[in-house]
Structures are given as structure tokens and as C-alpha cells.
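Shown next, in C-alpha cells, is the structure this report addresses.
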Amino acid sequence: MSIRAQVISTIDEKGIDQMGPDDLIVKYHSVDVRTRSRLIVYSNQKAVVRIQGQIQGVFDPGAHDLQTPANPISQFFAKFQYAGNVPWEVEVLFASTARHEARSEGITQTKELVPMRYQVAYYFMITDPVKFINAVQFSGFKYTVEDFKNYVSPIVDQAVSQVLNLVSLNEVYANLHKVTDAVTASLRSFLDEVGVHLITCRIVRLEPEDETMRRVVQFMALGLDVNTAIRARLAEIMAQRSDPAATNMMLGVPYYPIYILPTAGMPSGLPQLMVPPTQQRQQSQQGGSSQSSDFEISGG
């Protein structure tokens, strides 16, 4: 923030706006604020002046002279008949009135204690900066959307859990609208108390935390029954490990390697076909050599 020529704004000496797209509050603090300083508030901003910890005035976009008689700051100083430098600690808090998006995520569980991962996106804007500043706490010079997300996340988690804890896994997506309505109602009621208007809210992600269960649910969404969906997931895992029995798992057909098939009760000669090809070639070569030796002996 700058105080060049006694001008207070979010633009620094290099012409860079310190109010970024993800900033909700930017604080200007100085003991050199004078009663003749000019306060400039840009669009999508409101300025809140706090003296000795108490809020004394709120300023809309535009240029404001702190010595104007109708100015609440000037009236505060006039009570003590001070001019020039102000012997009080003065803070100017610039609050963003633009629309912002935040996302809260966490883990809850269904009626069967199945862990579910969720993510909720909500769009909001600050309508009452005084309530908002009095409600939140921040130690730095900025209060960001990330800080606000951490502030609101417990409310979102409670609203999601109130619905999902009473719903079975196979009914979760059929009751998705109930989750959205519960989160929206809880958020709107809470944010109104801190001077924030909730524009809209939606469920971005709601899925089982376990990867296997998540894939089974996805396969079932394609029209597969439970048993086929489980086999499809197992086949997927086996294929990732280059297991040759992956296709048999998907089809539900037992897999028997050709060289370990049982030979009991088979016709003679069939077990010979179960021997691996390399071993068959070795046996044929050995058999051919023994026959030639017998022929030579008998011929002699």
C-alpha cells in the first residue's frame, strides 16, 4: 500500500495493485495517517477505517478526504481537537466486494461406515465488510480465499455428514440433491451472520475413498451387476500386473495353465498334449535318437 503524497490506496509505488484476485482483505497500517490524507477506494472494494481497534467508518469506491466535516473519521478527530498528525493507531482495511470461489473438501462416511470423499464448491461475495472483519481473524496483512475456506470447512463438513451418515452406499447418488440442499442451507445461514452473500453452491465430487470400491461403483454405473463389477475390478488389477488370467477373471472362466492340468481320468495320450511345447520337442528328440539306435542294432 502507498501513502505517497498522503494518498492511501491498494496501489503501491510501482503501480501494482496489492488486492489480488484471491484476496478478501488487504490491510494498510501506519501511524503516519493524517487528517488531511486522501483515501482512494477502487471498484470492487470497500474501505474500513479502524482506530484504536474500533471501526469508525466505511467508504465506498471513490476518493475520500479524511478532513471532510461530514466524514465520520473527521468527526472522531474533532472531538479531541487534533490537527495534522493523529496520535492514534490507524488501520485501513480494504475489503473485496467481487465474486469469489472457494472449495472445501473432506472425508465422511455412509450408513455402513464406508468412507466417502467429497468436495463442495461455493461462490460468494462480501456484502457487509464490517461484519466480515469482526468475524474473521488474521495476523498478516492479507486475508485470502484459502483462509476463508479453512474458516468455512467445518460448517460444510457438518452439513454433508448430517445427510450421508443416514444414507446407504447404494442410495448416495440418489440423494445427492439432499446433500446439496443441506450444504446450501447451512452455508447461507452461517455466511449471512458474517456479512457474506452465498451466490450458489454445488457438489463437485462425492465418491468412495477406497480406489477398488470407487471403480466398482463406476462399473456398476455402466450397467454391470455387482459380481461382474467386482470381477472387472479384479481383472483390471491383474492386467496391471501382467497376469495372463486377467481375461478369464473378467469372463468368469477358471484359468488352468496347460502344463499343470490334472491328468487323472484322461484318455491315454491326452496327458502328453498337456506337456509344454519345449518339453514335447525334447521328448521327441530323445525318442527319435533311441529309435535310430534300435534300428541300427537290429539291422546289425
Side-chain angles (χ1 to χ4, degrees), residues 1-78 80 82-103 121-152 191 194-199:
M1 268 55 64
S2 65
I3 191 170
R4 58 188 186 282
Q6 298 181 1
V7 174
I8 303 172
S9 69
T10 57
I11 305 297
D12 60 12
E13 287 76 6
K14 297 181 180 180
I16 301 176
D17 194 348
Q18 297 298 315
M19 178 71 76
D22 294 330
D23 296 331
L24 299 179
I25 300 176
V26 175
K27 180 171 65 175
Y28 173 82
H29 175 271
S30 177
V31 296
D32 196 33
V33 176
R34 302 168 182 266
T35 56
R36 295 182 180 181
S37 298
R38 169 156 291 190
L39 176 64
I40 298 179
V41 184
Y42 295 97
S43 59
N44 292 332
Q45 292 181 4
K46 282 190 177 183
V48 178
V49 178
R50 186 164 60 183
I51 303 176
Q52 293 295 89
Q54 296 182 356
I55 294 177
Q56 300 297 333
V58 181
F59 298 88
D60 294 325
H64 306 275
D65 202 347
L66 295 183
Q67 67 178 358
T68 305
N71 194 300
I73 306 303
S74 181
Q75 295 176 2
F76 175 82
F77 294 147
F80 303 94
Y82 279 97
N85 289 336
V86 180
W88 277 284
E89 184 180 21
V90 180
E91 294 176 324
V92 180
L93 304 172
F94 294 90
S96 173
T97 57
R99 297 181 179 181
H100 297 275
E101 175 190 356
R103 298 196 175 193
Y122 42 95
Y123 305 87
F124 64 94
M125 61 184 300
I126 300 174
T127 55
D128 192 335
V130 175
K131 287 184 177 180
F132 187 77
I133 291 173
N134 288 332
V136 301
Q137 294 181 351
F138 61 104
S139 58
F141 292 96
K142 288 187 177 183
Y143 187 83
T144 64
V145 174
E146 182 69 18
D147 298 328
F148 183 72
K149 182 203 73 173
N150 297 332
Y151 179 68
V152 176
L191 295 182
V194 298
V196 177
H197 170 63
L198 179 65
I199 301 174

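Computed over heavy atoms, backbone and side chain alike; hydrogens, waters and symmetry mates excluded.
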Suppose we screen for salt bridge (charged side-chain N to carboxylate O under 4.0 Å, His left out). Which residues come up paired with [X], at least two apart in sequence or across chains?
| X | result |
| --- | --- |
| Arg99 | none |
| Lys149 | Glu146 |
| Asp147 | none |

Check whether any side-chain heavy atom of [X] lies under 4.5 Å from a side-chain heavy atom of [Y], and answer yes or no.
| X | Y | answer |
| --- | --- | --- |
| Val194 | Lys131 | no |
| His64 | Val49 | no |
| Ile126 | Lys46 | no |
| Val152 | Leu191 | yes |

| field | side chain to side chain donor-acceptor pair (under 3.5 Å) partners for Tyr143, two or more places apart | value |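 Testing Tyr143 for side chain to side chain donor-acceptor pair (under 3.5 Å), a comparison that skips the adjacent residues, returns none.
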
| task | Could you tell me which residues satisfy side-chain contact (heavy atoms from CB on, under 4.5 Å) with Asp22, sequence neighbours excluded, listed by chain and number? | result |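 side-chain contact (heavy atoms from CB on, under 4.5 Å) list for Asp22, sorted by chain: Val145.
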
| request: Could you tell me which residues satisfy side-chain contact (heavy atoms from CB on, under 4.5 Å) with Ala95, sequence neighbours excluded, listed by chain and number? | output: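 side-chain contact (heavy atoms from CB on, under 4.5 Å) check on Ala95 returns Pro129.
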
[X] to [Y] - nearest heavy-atom pair and separation:
| X | Y | answer |
| --- | --- | --- |
| His100 | Asp23 | CE1-O, 3.8 Å |
| Glu101 | Ala121 | OE2-CB, 4.1 Å |
| Gln45 | Phe94 | OE1-CD2, 3.7 Å |

Would you compute the distance between atom [atom1] of [X] and atom [atom2] of [Y] and round it to the nearest 0.5 angstrom?
| X | Y | atom1 | atom2 | value |
| --- | --- | --- | --- | --- |
| Thr97 | Asp128 | OG1 | CG | 12.0 Å |
| Ile11 | Gln18 | CD1 | CD | 8.0 Å |
| Leu24 | Thr144 | CG | OG1 | 7.0 Å |
| Arg50 | Ile133 | CZ | CD1 | 6.5 Å |

| With sequence neighbours excluded, residues passing ring pair (Phe, Tyr, Trp, His ring centres under 6.0 Å) with Tyr151 |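 With sequence neighbours excluded, Tyr151 shows a ring pair (Phe, Tyr, Trp, His ring centres under 6.0 Å) to Phe190, given in chain and number order.
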
| query | Looking at residues at least two apart in the chain, or sitting in another chain, which of them share a ring pair (Phe, Tyr, Trp, His ring centres under 6.0 Å) with Phe148? | reply |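 So Phe148 forms a ring pair (Phe, Tyr, Trp, His ring centres under 6.0 Å) with Phe124, Phe132.
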
Identify each donor-acceptor pair in which a side-chain atom of residues 134-141 lies under 3.5 Å from a protein atom, sequence neighbours left out, and give them as a table.
from: Asn134; atom 1: ND2; to: Val130; atom 2: O; distance (Å): 3.2

